[in-house]
2 protein chains.
Amino acid sequence: MQRLFASFDQLASAKYSSGAEIFGEGDPAEHIYQVVSGAVRTQKLLSDDRRQIGAFYLPGDIFGLEDVATHRFTAEAITSTTVHLAKRECLDDVVKSDPSVLRIILAETNRNLMHVESHLLLLGRQNSLEKVAAFLLEMRLRSTEADVIHLPMTRRDIADYLGLALETVSRVFADLRSKKILRFDANRSRKVVVLDAKALADLAE
Amino acid sequence: MQRLFASFDQLASAKYSSGAEIFGEGDPAEHIYQVVSGAVRTQKLLSDDRRQIGAFYLPGDIFGLEDVATHRFTAEAITSTTVHLAKRECLDDVVKSDPSVLRIILAETNRNLMHVESHLLLLGRQNSLEKVAAFLLEMRLRSTEADVIHLPMTRRDIADYLGLALETVSRVFADLRSKKILRFDANRSRKVVVLDAKALADLAE
DNA sequence: CGATTACTTGAATATCCTCAAGGAGAGTGG
DNA sequence: CCACTCTCCTTGAGGATATTCAAGTAATCG
């Protein structure tokens with residue numbers, strides 16, 4: 001999918017500080033984005049502060065590719081974050097000159113769909129232990145350092161991704177630690193070392 | 001989207017009896033489908049019988065459009081159901097001769113994505129009352145007869161769509177009935193008359 | 001009409017949430 | 001460098017919501 005951004009001649013960059021909004025739900029979808037460094041969350045809100053995070057995006061990931069007039073999620077920087085961005089209409093021009101790019105967009109859209117679909121099962125039918133285990137396995141796969149996961153997001157972000165209370169996430173982490181399935185690196189709650197990936201996979205179903 | 005199936009010269013039909021599997025999760029995605037009559041559910045299963053339904057498909061709806069080698073859901077007929085089906089490779093041929101069809105596929109994929117994304121919020125962050133209210137509003141929009149909803153699916157199907165126990169769904173229905181927001185037509189639990197759509201919309205957030 | 005499946009309702013229980021308090025880490029300014 | 005503050009995280013206690021188990025009723029299918 002990096003190819004999608006490779007097809008642009010010139011790329012604009014933008015930097016967002018921690019917590020900054022990149023675009024809002026319902027905003028016109030004028031750009032598509034790729035994370036260069038940092039991390040991004042996409043989320044939907046209910047009237048009374050309840051929040052559901054749809055996905056976390058890490059370096060290399062593309063987001064904001066909606067193919068409709070408006071964004072369906074709000075996107076915010078989790079940490080200080082740099083992105084590449086391209087005008088939506090430039091993408092349309094690229095497609096016009098090379099229709100095969102449409103296949104890449106379709107493939108990326110299907111990647112998103114696949115992720116969201118498996119998240120449905122997690123949200124609807126898995127318990128807190130399974131949810132957190134699945135989340136850790138997902139982050140582990142994305143980690144550069146084997147079995148060391150640096151979490152850019154807060155416990156609240158994780159909770160809102162998994163449909164749990166932040167206290168529940170914290171308790172499950174404590175539980176996994178007491179079971180020697182993970183430990184916190186030097187007591188830093190954002191840096192997790194997976195001690196028993198097999199056990200974690202079993203817990204995640 | 002009906003246009004997608006209109007682009008085929010000849011269409012095959014198939015009929016499935018209630019509960020029959022149309023394709024299984026992991027099966028090679030050889031066909032795409034359109035409901036002619038009846039209703040279809042797509043679902044994922046966990047090892048211990050837990051089930052999450054991703055979507056219900058009613059006449060006119062297209063399903064099985066995965067753009068990958070294998071199906072990501074199992075599809076089953078809810079009632080006696082007739083579908084049109086087209087070979088995946090025929091679709092590829094159509095795309096080859098008319099690349100603009102790819103845009104239609106992309107649009108349909110995005111429709112699916114939009115539906116699933118809003119379902120994430122429902123599953124992760126809404127309570128039983130909000131979930132059932134949202135479900136009824138969704139079905140109401142699809143109903144031909146204003147404010148009369150014929151539900152082809154069981155309470156268990158609804159529960160597995162909303163991430164609830166079937167008893168909870170039944171209780172919320174009873175609650176909505178006692179509040180005069182709906183009634184059952186002639187005490188038939190599958191035929192719901194919406195008495196107060198405004199109240200229902202308020203409950204759904 | 002009988003058998004099976006679906007639905008409802010009640011009671012008890014479990015899971016997760018809310019509320020609350022305290023502690024640890026990061027950043028700021030004296 | 002050390003208080004100070006703020007945010008984040010943890011942990012406990014109590015409570016709410018939804019689930020499980022159970023029984024009975026209603027509807028559907030052959």
Side-chain angles (χ1 to χ4, degrees), chain A residues 17-19 39 41 46 48-52 76 78-80 122-133 135 150-178 182-192 203, chain B residues 17-20 39 41 46 48-52 76-80 122-133 135 150-178 182-192 203:
Chain A
S17 57
S18 176
R41 61 176 176 250
L46 290 172
D48 56 345
D49 265 18
R50 282 178 292 177
R51 183 177 68 147
Q52 179 64 46
E76 292 178 358
I78 291 174
T79 58
S80 180
L122 179 139
L123 289 175
R125 287 291 177 232
Q126 297 197 246
N127 63 32
S128 58
L129 189 55
E130 293 168 333
K131 284 177 174 181
V132 172
F135 166 74
H150 182 76
L151 301 170
M153 70 290 284
T154 64
R155 294 289 187 267
R156 171 167 293 282
D157 286 336
I158 299 171
D160 287 342
Y161 179 61
L162 299 176
L164 296 170
L166 70 91
E167 295 93 333
T168 303
V169 173
S170 188
R171 275 184 252 269
V172 174
F173 271 103
D175 186 33
L176 293 172
R177 188 175 49 174
S178 79
L182 59 81
R183 65 179 172 81
F184 293 143
D185 186 271
N187 281 337
R188 293 162 57 85
S189 61
R190 298 289 186 89
K191 201 167 176 186
V192 173
L203 288 176
Chain B
S17 57
S18 177
R41 61 176 177 249
L46 289 172
D48 56 345
D49 265 17
R50 283 179 291 177
R51 182 177 69 149
Q52 179 64 47
E76 293 179 358
I78 292 175
T79 59
S80 181
L122 179 140
L123 288 174
R125 285 296 179 227
Q126 297 197 246
N127 62 32
S128 59
L129 190 55
E130 292 168 335
K131 284 176 174 180
V132 173
F135 166 74
H150 182 77
L151 301 170
M153 69 290 284
T154 66
R155 294 289 187 266
R156 170 167 292 282
D157 286 336
I158 299 171
D160 287 343
Y161 180 60
L162 299 176
L164 296 171
L166 69 90
E167 295 95 330
T168 303
V169 173
S170 188
R171 276 184 251 270
V172 174
F173 270 103
D175 186 35
L176 292 172
R177 188 174 49 173
S178 79
L182 59 80
R183 66 179 172 81
F184 294 145
D185 187 272
N187 282 336
R188 293 162 60 84
S189 61
R190 298 287 186 88
K191 201 167 175 186
V192 173
L203 289 176

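So that the names make sense, note that chain A is the first sequence line, chain B the second, and so on, each numbered from 1.
- Residues passing the side chain to side chain contact (heavy atoms under 4.5 Å, CB included) test with B:Arg51, sequence neighbours excluded: B:Arg41, B:Gln43, B:Leu45, B:Ile53, B:Arg156, B:Asp157, B:Asp160.
- Note: CG (A:Asp175) to P (C:dT15) measures 12 Å, nearest angstrom.
- Partners of A:Asp49 by side chain to side chain contact (heavy atoms under 4.5 Å, CB included), not counting sequence neighbours: none found.
- With sequence neighbours excluded, the residues forming a side chain to side chain donor-acceptor pair (under 3.5 Å) with B:Arg50 are A:Glu130, B:Asp48, listed by chain and number.
- One can place CD1 of B:Ile78 at 12 Å from P of C:dA6, the figure rounded to the nearest angstrom.
- Partners of A:Asp185 according to the side chain to side chain donor-acceptor pair (under 3.5 Å) rule, which considers only residues two or more places apart in sequence or in another chain, do not exist here.
- To the nearest 0.5 Å, atoms OG1 (B:Thr168) and CG (B:Leu129) are separated by 12.0 Å.
- Every residue two or more places apart in sequence or in another chain that forms a side chain to side chain contact (heavy atoms under 4.5 Å, CB included) with B:Ala20 is listed here: B:Tyr16, B:Ser17.
- Along DNA chain D, read 5' to 3', the first and last nucleotides having any atom under 4.0 Å from a heavy atom of chain A are D:dC8 to D:dA13.
- Within the 4.0 angstrom heavy-atom criterion, only backbone atoms of the sugar-phosphate kind lie near B:Ser189; the bases stay farther away.
- By the side chain to side chain contact (heavy atoms under 4.5 Å, CB included) test, B:Arg171 is found to be paired with B:Glu167, residues two or more places apart in sequence or in another chain being considered.
- Rounded to whole angstrom, the span from the CG atom of B:Asp157 across to the C1' atom of C:dT5 amounts to 13 Å.
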*Take nucleotides 16-23 of chain C nucleotide by nucleotide from the 5' end and write B, S or -, depending on whether a protein heavy atom sits under 4.0 Å from the base, only from the sugar-phosphate, or from neither.*
SSBB----
Pull out every protein N or O sitting under 3.5 Å from an N or O of nucleotides 25-27 of chain C, one pair per line with the distance.
{"from": "C:dA26", "atom 1": "OP1", "to": "A:Arg188", "atom 2": "NH1", "distance (Å)": "3.0"}

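- Across all strands shown, B:Ser170 has heavy atoms under 4.0 Å from base atoms, whether or not it also approaches the sugar-phosphate.
- Atom CZ in B:Phe173 sits roughly 16 Å away from atom P in C:dA6 (whole-Å rounding).
- Two end axes, each from the C1' atoms of five base pairs, can be drawn for the helix from C:dC1-D:dG30 to C:dG30-D:dC1; they diverge by 50°, to 10 degrees.
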